[in-house]
Amino acid sequence: MRLKFSELFEGLGYSPRCQALSGAEVELAGYVVDTHDGAAQMLVAEPGGCPHCSPVPAIALPAFKMKPGAVTLRGVLSYGFFTDPAGNASFLRLEKARLVTGLPT
């Protein structure tokens, strides 16, 4: 299922679709960015967006690593508070993320 960030976020919060789609295979286009400490990566809605510095929609990418930039990713959407073994906390994640294409469509 192909989604847009606007379907998962309402203003500065999460939309009810996050919980409804938790566990579903989804595809999202966006921009991979590194966290400030470099310990994790996130998918954000706009280029140059930083979830730590500004209110930009962001989805955690556990166990995912690639050069930051424009992508389309596919994976399992996971909603709910979670802290990984490294101490990174998130409410929305794209588990088992994999690259679909290098350019968003």
Considering non-hydrogen atoms only, spot the tightest contact between [X] and [Y] and give its length.
| X | Y | value |
| --- | --- | --- |
| Y31 | A45 | CE1-O, 3.7 Å |
| A58 | F9 | O-CZ, 3.5 Å |
| A29 | T72 | CB-OG1, 3.7 Å |
| S90 | A60 | CB-CB, 3.7 Å |

(request) Kindly determine whether L92 and L77 satisfy side chain to side chain contact (heavy atoms under 4.5 Å, CB included), including the steps that lead there. (result) CA-CA 7 Å; L92 189 60; L77 193 68; 3.7 Å; yes
(request) Any chance you could measure R74, atom CZ, to R98, atom CZ, to the nearest 0.5 Å? (result)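 Atom-to-atom, R74:CZ and R98:CZ are 6.0 Å apart.
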(message) I need the N88 CG to R93 CZ distance, nearest 0.5 Å.
(response)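 N88 atom CG to R93 atom CZ measures 11.5 Å (nearest 0.5 Å).
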Do [X] and [Y] come close enough that some side-chain heavy atom pair is under 4.5 Å?
| X | Y | result |
| --- | --- | --- |
| V76 | L94 | no |
| P68 | Q41 | yes |
| V71 | M66 | yes |
| V32 | M42 | no |
| L43 | V33 | no |
| E10 | P16 | yes |
| L73 | V100 | no |

(request) Look at the rings of Y14 and Y79 and say which category their plane angle falls in: under 30° parallel, 30 to 60° tilted, over 60° perpendicular. (result)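 Rings of Y14 and Y79: perpendicular, as their planes differ by over 60°.
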(request) Go through the steps for L3 and L8 under the test side chain to side chain contact (heavy atoms under 4.5 Å, CB included), then give the verdict. (result) CA-CA 8 Å; L3 295 175; L8 299 174; 4.0 Å; yes
(message) Would you say that more than 12 heavy atoms from the other residues, nucleotides or ligands in this model lie under 6.0 Å from the CD of Q19, or not?
(response) no
(message) For A40, is there any backbone N or O sitting under 3.5 Å from a side-chain donor or acceptor partner on T35?
(response) yes
(message) Keeping S15 on the side-chain end and E7 on the backbone end, is there a donor-acceptor pair under 3.5 Å?
(response) yes
(message) I'd like to know if F82 and L21 are part of one continuous hydrophobic network [Ile/Leu/Val/Met/Phe/Trp/Tyr, side-chain heavy atoms within less than 4.5 Å].
(response)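 No, it is not one cluster - the side chains of L21 and F82 are not joined through contacts under 4.5 Å.
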(message) Between D34 and K65, does any NZ, NE, NH1 or NH2 come within less than 4.0 Å of an OD or OE carboxylate oxygen?
(response) yes
